Amino acid sequence: MKPFDVDYVRAQFPALKRTVNGLPAAYLDGPGGTQVPQRVLDAVLDYLVNHNSNIHGVFATTAETDAIIDGSRRAMADFLGCDSDEVSFGANMTTLTLLLAQGIARTLRPGDEVVITELDHEGDRGPWQLLTDRGIVVREAPVDLESRTIDWDGWQALLNERTALVAMGYASNATGTVNDVKRAATAAHAVGALMFVDAVHFALHGSIDVRDIGCDFLACSAYKFFGPHIGCLYVRRDANEHVDPLKLRAQEDEPPYRFETGTLDHEGIAGAGEAVEFIADLGRHHADDPVAVADRRAAVVAGMHAIEAYEQPLAARLIEGLSALSGVRIYGPPAGHPRTSTVSFTLAGSNAVDVARALGAKGLFVWDGDFYATRLVEKLGLVGQGGLVRVGLAPYNTAVEVERVVDAVAELTSQTG
Ligand SMILES: Cc1ncc(COP(=O)(O)O)c(C=O)c1O
């Protein structure tokens with residue numbers, strides 16, 4: 001792979017021209033949603049200007065809309081490593097998961113069990129917890145608070161012949177911990193359970209291969225990887241029999257349409273397909289051998305590898321720089337454990353919101369709070385101090401921006417004493 005060409009990446013994002021108080025804006029809020037390259041903006045605009053219509057009609061723009069949605073479905077299938085009839089679009093991950101959970105519950109019996117984790121985002125907890133209304137037993141696997149990883153023994157102990165489904169995040173949007181979802185899928189299937197993966201945070205940081213994971217369902221959101229605000233759901237073709245989706249008469253019964261309620265966000269879908277093309281071109285741009293990335297799936301995988309290879313040393317430097325500051329405590333997995341480039345910390349004596357505000361005034365856009373990893377932040381005992389400060393790296397961030405964060409936090413530590 002060629003050295004990462006961050007100038008090539010940055011030149012494509014018009015938002016990066018923004019300044020705050022005379023300083024260049026550093027978008028370190030990627031885990032909340034990334035910025036969007038010009039080509040995605042163009043795809044959204046082109047759809048609305050030239051092809052805007054509803055679907056399945058018999059005139060030009062409706063046929064073009066059908067073709068654009070089909071095209072984006074194929075692109076998203078290449079992003080996930082599946083076939084396009086296994087990809088459904090929807091409002092966002094949470095809404096798709098809520099619908100999926102209700103659809104799965106209709107095939108379950110009271111007393112059947114679902115296993116969630118304490119590490120996960122509420123989008124991968126709440127939809128399953130709601131099933132208790134239907135007599136489903138929801139069990140919560142513990143997080144090891146010292147290592148901020150799943151307590152695998154505790155998790156495994158919850159699995160039994162009543163387990164119908166296991167839900168797990170691919171990566172924590174609060175700590176960056178990457179979970180071994182392949183191991184979880186294997187263990188889930190060993191007890192006859194289905195496996196759901198929340199890949200929303202992971203999707204920006206590594207290539208997803210649903211066949212390799214062996215999961216039955218996986219959800220992600222295009223706005224976390226350079227696209228518009230829409231969600232995607234993978235449903236393994238044969239897993240459809242385990243879901244009886246909430247469906248209206250107007251809806252087609254076939255996958256992938258059976259999970260798509262009402263008129264979709266066509267322009268968002270057009271943009272999501274283009275976001276995948278952006279990642280594929282990133283792969284082509286950095287590949288040593290053009291033949292190896294001739295097909296789009298291979299180019300997407302190469303693009304994600306390029307992103308990961310670029311972000312990991314930046315994250316390591318950020319961790320090193322912050323760890324050296326007195327009063328800073330980083331809440332990530334242990335060194336050597338798979339992680340994303342998302343780095344969260346606390347500053348002794350400061351509320352997270354005050355740290356984020358001070359950084360924001362310097363053009364450093366970082367999040368504070370629990371980011372809906374609410375259970376984890378509660379368990380960590382951080383609610384009273386405003387949760388965590390989260391610095392999220394994306395491929396358009398730079399080593400200079402990382403140093404700006406370290407310097408800005410150093411300045412705060414000297415103020416707090
Ligand atoms: C790990 C994780 N899961 C789920 C979600 C929810 O995604 P959506 O906003 O698409 O519903 C998020 C959003 O931040 C997330 O980071």
Side-chain angles (χ1 to χ4, degrees), residues 27-36 76 79-80 87-102 116-130 141 143 148-150 166-181 184 195-206 208 213 215 217-234 259-261 264-265 268-269 271-272 275 331-333 338-344 365-377 387-394:
Y27 291 90
L28 300 158
D29 59 338
T34 55
Q35 298 308 307
V36 177
M76 203 51 69
F79 184 70
L80 300 174
V87 176
S88 304
F89 291 114
N92 48 54
M93 173 275 182
T94 305
T95 307
L96 283 165
T97 306
L98 203 57
L99 284 169
L100 178 73
Q102 292 296 322
I116 61 174
T117 87
E118 290 180 342
L119 187 60
D120 281 339
H121 188 282
E122 285 303 308
D124 190 26
R125 290 167 44 83
W128 308 112
Q129 282 172 317
L130 285 179
V143 62
R148 275 81 62 177
T149 59
I150 287 170
V166 167
M168 186 181 284
Y170 204 153
S172 160
N173 66 320
T175 62
T177 309
V178 173
N179 297 319
D180 188 347
V181 286
M195 173 78 193
F196 173 89
V197 176
D198 166 9
V200 174
H201 180 63
F202 183 83
L204 175 63
H205 304 289
I208 297 172
I213 298 169
C215 55
F217 313 102
L218 179 143
C220 61
S221 291
Y223 75 94
K224 306 284 191 183
F225 51 93
F226 320 114
H229 291 89
I230 65 155
C232 300
L233 176 68
Y234 157 77
F259 301 104
E260 296 181 341
T261 313
L264 297 175
D265 178 347
I269 292 171
Y331 287 80
R339 64 165 304 139
T340 68
S341 57
T342 298
V343 178
S344 292
F365 296 172
V366 303
W367 274 111
D368 65 280
D370 67 23
F371 336 108
Y372 300 108
T374 311
R375 185 73 189 119
L376 174 72
V377 170
L388 292 157
V389 182
R390 181 180 70 184
V391 185
L393 299 176

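Every heavy atom of this structure was used, including side-chain atoms; hydrogens, water molecules and symmetry mates were not. Counting convention: from 1, in listed order, for ligands and their atoms alike. From a predicted model like this one, the values you see are computed outputs, not experimental measurements.
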Q: Name the closest protein heavy atom to atom 11 (O) of ligand 1, giving the residue it belongs to and the distance to 0.1 Å.
A: T94 OG1, 2.5 Å
**Q.** Shortest protein contact, atom 9 (O) of ligand 1 (heavy atom only)
**A.** Y223 OH, 2.5 Å
**Q.** Residues which pass ring-ring contact (aromatic ring centres under 6.0 Å, His included) with Y234, listed by chain and number, not counting sequence neighbours
**A.** none
Q: Side-chain contact test, heavy atoms from C-beta onward, threshold under 4.5 Å: evaluate it for V200 versus N173 and give yes or no.
A: no
Q: Considering only non-hydrogen protein atoms, determine which one is nearest to atom 10 (O) of ligand 1 and report residue, atom name and distance to 0.1 Å.
A: S221 OG, 2.4 Å
(Q) If the cut-off is 4.0 Å to any non-hydrogen atom of K224, which atoms of ligand 1 fall inside it? (A) 13 (C), 14 (O)
Q | Close side-chain approach of M76 to I269, heavy-atom, < 4.5 Å | A | no
Q | Candidate pair R339 and H205, rule side chain to side chain contact (heavy atoms under 4.5 Å, CB included), full reasoning | A | CA-CA 9 Å; R339 64 165 304 139; H205 304 289; over 6 Å; no
Q: Flag H201 as yes when one of its N or O atoms lies below 3.5 Å from any N or O atom of ligand 1, and as no otherwise.
A: no
Q | Student check: side-chain heavy atoms of L393 and L28 closer than 4.5 Å | A | yes
Q. To which protein heavy atom is atom 7 (O) of ligand 1 closest, and what is the distance rounded to 0.1 Å?
A. M93 CB, 3.7 Å
Q: For N92, counting its heavy atoms only, list the atoms of ligand 1 lying under 4.0 Å from any of them.
A: 8 (P), 10 (O), 11 (O)
**Q.** Residues in ring-ring contact (aromatic ring centres under 6.0 Å, His included) contact with F202, at least two apart in sequence or another chain
**A.** Y170
(Q) Give me the residue, atom name and distance of the protein heavy atom closest to atom 3 (N) of ligand 1. (A) D198 OD2, 2.6 Å
Q: If you have a sec, work out which protein heavy atom is nearest atom 15 (C) of ligand 1 and how many Å separate them, to one decimal?
A: H121 CD2, 3.3 Å
**Q.** More than 12 heavy atoms from other groups under 6.0 Å of CH2 on W367
**A.** no
Q.
If you measure every N or O of A171 against every N or O of ligand 1, does any of those distances drop under 3.5 Å?
A. no
